[in-house]
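Read the structure below first, then the notes.
Just follow the structure's listing: the first ligand is 1, and inside any ligand the first atom is 1. Start at 1 with the first residue, then count along the sequence.
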Amino acid sequence: MLFCADPLTLSRVDQHFAAQARAVRDAGGTVALIDHDALLAGDAAGAVRRVPRDLGPVWYRGWMVPTGRYGELCAALAARGVAMRVGVADYRAAHELPGWYAAFDGLTPRTVWTPWAPGRAPDVGTVAELVAPLGGGPAVVKDYVKSRKHEWAQACHVPELADPTAVARVVARMVELQGDDLAGGIVVRRFERFAGAEARVWWLDGAPVLTTAHPDTPAETVEPDLAGVAAAVARLGRRFVTTDLVRRDDGAWRVVEAGDAQVSDLPAGVDPARLLDRLR
Ligand SMILES: Nc1ncnc2c1ncn2[C@@H]1O[C@H](COP(=O)(O)OP(=O)(O)OP(=O)(O)O)[C@@H](O)[C@H]1O
Ligand SMILES: [Mg+2]
């Protein structure tokens, strides 16, 4: 198992992942560390310097990595004889909305997207064209990976799609606030009325191996109905993914988002062995 090192003491596991690394070691597994800061700075070779050569196939548990940097991580490890169990194509498919959306069509809010580079605001015409297939009503804006949900009114929620100037303002603010971290492009999703907390379901080789709370609401555990979701996860066809599920106000279980489970956060209070033992 690869974990992120503590940025100040690279020989130690980042405190955020310490309990998970302990669970691996307690079970007789091997822990190796990468320097996440070095990886994000473009020094993949430096980032994997402490990974033993010819370690064998590895899973990663750590902070999110932009897809391009993830590819560099795979290559740097391969040069040391170490294979990531999740290659860059599999990572992209689970981590970025355009990669997983089709598999969850009908189970997740209707969505449009366009590739977009950081630093430049789209004009009103571009945004109007992008959102036209969604029709009217409220919407939510994010990039291929993350939203600005904590700046809900200014950079995430769109009250009315039929007002392109207002939509463009929210999109522009999202792009501005994401800065150089803007992942992939612009995503706009129809708003649905959700009720109650999200559940995070962890899937390994198509099986739901663990259901936890969402990290934002660690005390609220819910047991979602997985009937339709299992088929969607099978369609996605990636080994280790998460799905965040929530009940809509009409009672239907909806997929808020999918993700690569290597970089999905485990909520506080969950015994990490429940996840790590399954990976082992
Ligand atoms: N289509 C939607 N309709 C209604 N609410 C939504 C919709 N999409 C997202 N939300 C709300 O916004 C929140 C953030 O959205 P989302 O999970 O997609 O972004 P995120 O930034 O990746 O969040 P995180 O990674 O922290 O789960 C959701 O938890 C949900 O409450
Ligand atoms: Mg989310």
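- In terms of protein heavy-atom proximity, atom 18 (O) of ligand 1 is closest to Lys142 NZ, 2.7 Å.
- Judged by a 6.0 Å distance limit and a 45° cone about the ring axis, Arg61 is not positioned over the six-membered ring of Trp59.
- Distance alone, capped at 3.5 Å, places no donor-acceptor pair between the Arg173 side chain and the Ala155 backbone.
- If you check each of His150, Arg254, Lys149 against atom 23 (O) of ligand 1, the one with the closest non-hydrogen atom is Lys149.
- Heavy-atom proximity to Pro109, at under 4.0 Å, picks out these atoms of ligand 1: 1 (N).
- Trp202 and Phe240 have tilted rings, their planes meeting at an angle from 30° to 60° on a 0 to 90° scale.
- Shortest contact from atom 19 (O) of ligand 1 to any protein heavy atom: Ser147 OG, 3.2 Å.
- Within Glu257, the N, O or S atom lying nearest to the Mg ion (ligand 2) carries the name OE2.
- Side-chain contact between Glu96 and Val145 is present, with heavy atoms from C-beta onward closer than 4.5 Å.
- Both the backbone and the side chain of Lys146 come within 4.0 Å of ligand 1, judged by heavy-atom distances.
- If you check which protein heavy atom lies closest to atom 5 (N) of ligand 1, you get Phe194 CE1, 3.5 Å.
- The salt bridge (Lys or Arg N to Asp or Glu O under 4.0 Å) test with Asp90 is passed by exactly one of Arg238, Arg239, Arg85: Arg238.
- Results of the side chain to side chain contact (heavy atoms under 4.5 Å, CB included) test with Tyr60 over Val65, Asp260, Val86 single out Val65 as the only residue that passes.
- Given atom 17 (O) of ligand 1, the protein heavy atom at minimum distance is Glu257 OE2, 2.8 Å.
- One finds no salt bridge joining Lys146 and Asp181 here, because no Lys/Arg side-chain nitrogen approaches an Asp/Glu carboxylate oxygen to under 4.0 Å.
- Side-chain contact check for Pro109 versus Phe194: some heavy-atom pair is nearer than 4.5 Å.
- Shortest contact from atom 29 (O) of ligand 1 to any protein heavy atom: Glu198 OE2, 2.4 Å.
- The part of Trp152 lying near ligand 1 is the side chain, judged by heavy-atom distances below 4.0 Å.
- Set against the non-hydrogen atoms of Arg190, the atoms of ligand 1 under 4.0 Å away are 1 (N), 2 (C), 3 (N).
- Taking distance alone, with nitrogen or oxygen atoms compared against 3.5 Å, Arg189 stays at or beyond that limit from ligand 1.
- When the heavy-atom distances from atom 10 (N) of ligand 1 to Val255, Val145, Val140 are ranked, the shortest goes to Val140.
- In this structure, of Arg248, Arg200, Arg148, His214, the residue bringing a heavy atom nearest to atom 27 (O) of ligand 1 is His214.
- Between Tyr91 and Tyr70, the angle of the ring planes stays under 30°, which puts this pair in the parallel group of the 30/60° scheme.
- Using modelled atom types, one side-chain atom of Arg254 and one backbone atom of Thr108 make a donor-acceptor pair closer than 3.5 Å.
- Checked by distance only, ligand 1 and Glu192 come closer than 3.5 Å through their nitrogen or oxygen atoms.
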